[in-house]
Amino acid sequence: MDSELSSEMIMEIMSRASLKTLGIMRCTSKELNALTYDSYLLDLYKKRNKIVSGFLIQNMRRGWMNIKQFAPSPESNTLDLGFLPYNAQILATSEQGIMVFKIQDPKNCRRYLYHVCKPTTKQVLALPRPKGNHTDQKFAIVVMGLKPLHYKIIRFSECRALRRWRKFHMVYRCEIFDSMTWKWRSLKHVALGDCVFLANPQPVTKSGSIYMLLTNNNILKFDADSEIWEVFSSPIPYDESRIPTELVKYGGKLGLACKPSNANGYWDIWVSKKDKLWEKEADVAVESNSERERLKALYDSHTSVMVDCETLLFYRLKQQDNNMISKIVLNDIPYQIFSFRSDFEPSDLK
């Protein structure tokens, strides 16, 4: 990054910018993009601006995923989710503070009504219903532009399974909603390899693309602009023992965290480089203090987020002593965790 300003001065300027401006800065250079994930800048930004930052927690009890909670990051404001319907199920969130949720149709218990909202301003808009009545599998939302706000919502649903030559291929129906046209469109079905399915972790969005982990540890990528799918390999070969693996973002880049069986409680972080090559971050090792703790996300370049039963834990990386910086007791064991950050400025959702 060619600039006569020092890194400290650049951070000082960025800490006073709006979230929209920060989003634009991420697209200007790799260096500025990495700075927006720096823990010092994020802590300074939260102190100087009225924003919320943390994780939306969706718990599951008696088969219902309608127990919602916001777990704020250190120094963040809190978020009231009481305006949501009691049976709202969170489907996806974006880094620009937009959320997608669904509720059961009171007139037909076999159908769902879909909504987009900005939780900080309590703005809610009903979305058109996708065609058909297929079981939802994955949702993701990608913000394509900020002025005006333009986003796309991608929906995976169950389609059918194909059996060919004693092989079992899962096929997913794919639909996309565009806020500019306010319509759903069907895309080409996605057929995966033999006995390969979408894994449970939430999709990761980066630079207009969506990344989803598959059960064979490969990664499914969808470019929201070109609307093209592709599958590429991860650095973790498929292992029948199924070592813990999570898709994460590290310094604004796509990352993959895994916990080898011989790692003595440490998680390795791999980062995707050019041409889909992976590089292990030699100076980063995420430690879990008990066997029950599981890595769920990297909040920033220096902070890991762990779950231990009904507790969410924030740990500072590269800090030897007292590295736990926040501990949040949850209402129940989390089923899904969504990264969330937002200001309190109203948005034109349509």
Side-chain angles (χ1 to χ4, degrees), residues 17-23 42 45-61 64-107 111-130 136 139-155 177-180 182-184 202 205 297 299 312 328 330-332 334-350:
S18 66
L19 279 182
K20 288 183 179 180
T21 303
L22 279 185
L42 289 177
Y45 192 90
K46 284 183 286 187
K47 292 177 181 178
R48 291 181 171 175
N49 300 273
K50 186 180 179 182
I51 69 166
V52 293
S53 178
F55 295 87
L56 292 169
I57 312 296
Q58 190 155 250
N59 303 318
M60 189 172 186
R61 183 182 296 169
W64 290 91
M65 292 183 292
N66 58 356
I67 308 166
K68 298 161 288 295
Q69 182 179 0
F70 177 68
S73 63
E75 307 297 333
S76 170
N77 291 296
T78 188
L79 178 64
D80 177 22
L81 298 175
F83 73 98
L84 292 173
Y86 77 95
N87 60 345
Q89 181 181 336
I90 302 170
L91 299 173
T93 60
S94 76
E95 291 186 340
Q96 291 75 23
I98 310 300
M99 182 180 81
V100 181
F101 71 90
K102 71 178 181 180
I103 60 173
Q104 198 172 48
D105 189 342
K107 297 180 180 179
R111 293 183 177 182
Y112 289 91
L113 304 177
Y114 297 86
H115 300 77
V116 62
C117 80
K118 185 168 184 178
T120 52
T121 58
K122 298 180 173 56
Q123 294 172 268
V124 180
L125 274 183
L127 295 171
R129 284 192 66 254
D136 297 330
F139 268 79
I141 179 171
V142 179
V143 174
M144 310 298 294
L146 296 172
K147 296 181 179 180
L149 179 63
H150 176 206
Y151 55 88
K152 292 183 178 181
I153 302 171
I154 292 83
R155 178 198 185 216
F177 174 83
D178 193 322
S179 65
M180 288 297 186
W182 209 250
K183 293 180 180 179
W184 289 93
Q202 292 302 311
T205 59
Y299 171 70
L312 193 73
I328 300 174
L330 305 176
N331 296 332
D332 208 330
Y335 178 74
Q336 292 175 310
I337 294 179
F338 302 85
S339 177
F340 185 78
R341 185 181 66 175
S342 178
D343 55 25
F344 287 83
E345 297 296 323
S347 295
D348 187 4
L349 298 177
K350 184 176 182 181

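Just so we're clear, the structure is a prediction, and the values are computed from it rather than from any experiment.
- Ile51 places none of its side-chain heavy atoms less than 4.5 Å from the side chain of Phe344.
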* To do: Please assess Arg129 against Asp105 for the test salt bridge (charged side-chain N to carboxylate O under 4.0 Å, His left out), listing each intermediate value before the final yes or no.
  => CA-CA 11 Å; Arg129 284 192 66 254; Asp105 189 342; 5.5 Å; no

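- Under the salt bridge (Lys or Arg N to Asp or Glu O under 4.0 Å) criterion, the residue pairs touching residues 337-350 are Lys118-Asp343, with sequence neighbours excluded.
- In this structure, Phe340 CZ and Leu81 CG are separated by 8.0 Å, a value rounded to the nearest 0.5 Å.
- Between Phe70 and the choices Ile328, Asp80, Asn77, Leu56, the side chain to side chain contact (heavy atoms under 4.5 Å, CB included) rule is met once, by Leu56.
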* Go through the steps to decide whether Ile103 and Gln89 satisfy the test side-chain contact (heavy atoms from CB on, under 4.5 Å), and finish with yes or no. => CA-CA 6 Å; Ile103 60 173; Gln89 181 181 336; over 6 Å; no

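- The environment of CZ in Arg111 is sparse: at most 12 heavy-atom neighbours from other residues, nucleotides or ligands sit within 6.0 Å.
- Taking the side chain as every heavy atom from C-beta outward, Trp184 and Arg155 approach each other to under 4.5 Å.
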* From CA spacing to verdict: side-chain contact (heavy atoms from CB on, under 4.5 Å), Gln96, Leu146 -> CA-CA 9 Å; Gln96 291 75 23; Leu146 296 172; 3.7 Å; yes

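- Open room surrounds NZ on Lys183; 12 or fewer heavy atoms of other groups in view lie less than 6.0 Å from it.
- The minimum heavy-atom distance linking Asn59 with Pro334 is given by the pair OD1-CA, 3.1 Å.
- With hydrogens and angles left out, the side-chain atoms of Ser339 and Tyr299 include no donor and acceptor closer than 3.5 Å.
- With hydrogens and angles disregarded, no donor-acceptor distance shorter than 3.5 Å links the side chain of Gln123 to the backbone of Leu349.
- In this structure, Gly97 and Pro119 approach most closely via the heavy-atom pair O-CD, 3.5 Å.
- The NZ atom of Lys152 sits 14.5 Å away from atom OG1 of Thr205, with the distance rounded to the nearest 0.5 Å.
- Taken to the nearest 0.5 Å, the CD1 atom of Ile57 stands 10.0 Å off from the CG atom of Asn331.
- Looking at Ile98 and Leu149, their side chains come closer than 4.5 Å, going by heavy atoms from C-beta outward.
- Between Tyr114 and Phe139, a ring centre-to-centre spacing shorter than 6.0 Å is recorded.
- From Lys102, atom NZ reaches atom NE2 of His115 across 13.0 Å, with rounding to the nearest 0.5 Å.
- The residue from Ser76, Ser342, Pro72, Pro74 that alone fulfils the side chain to side chain contact (heavy atoms under 4.5 Å, CB included) condition with Ser53 is Ser76.
- In this structure, Leu330 and Gln69 have side chains that are in contact, with non-hydrogen atoms separated by less than 4.5 Å.
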* Evaluation steps, side-chain contact (heavy atoms from CB on, under 4.5 Å), between Ile337 and Leu312 -> CA-CA 10 Å; Ile337 294 179; Leu312 193 73; 4.1 Å; yes

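- In this structure, CD1 on Ile153 lies 4.5 Å from CD1 on Ile141, to the nearest 0.5 angstrom.
- Counting heavy atoms from C-beta outward, Met99 and Ile90 have side chains that approach closer than 4.5 Å.
- In this structure, Thr93 and Phe338 approach most closely via the heavy-atom pair OG1-CB, 3.6 Å.
- Looking only at distances, a side-chain donor or acceptor of Lys68 sits under 3.5 Å from a matching main-chain atom of Ala88.
- Using a 4.5 Å heavy-atom cutoff, the side chains of Lys122 and Phe83 are in contact.
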* Asked: Do Thr120 and Val52 pass the side-chain contact (heavy atoms from CB on, under 4.5 Å) test, and can you show the C-alpha distance, the side-chain angles, and the key distance before you say yes or no?
  -> CA-CA 8 Å; Thr120 52; Val52 293; 3.5 Å; yes

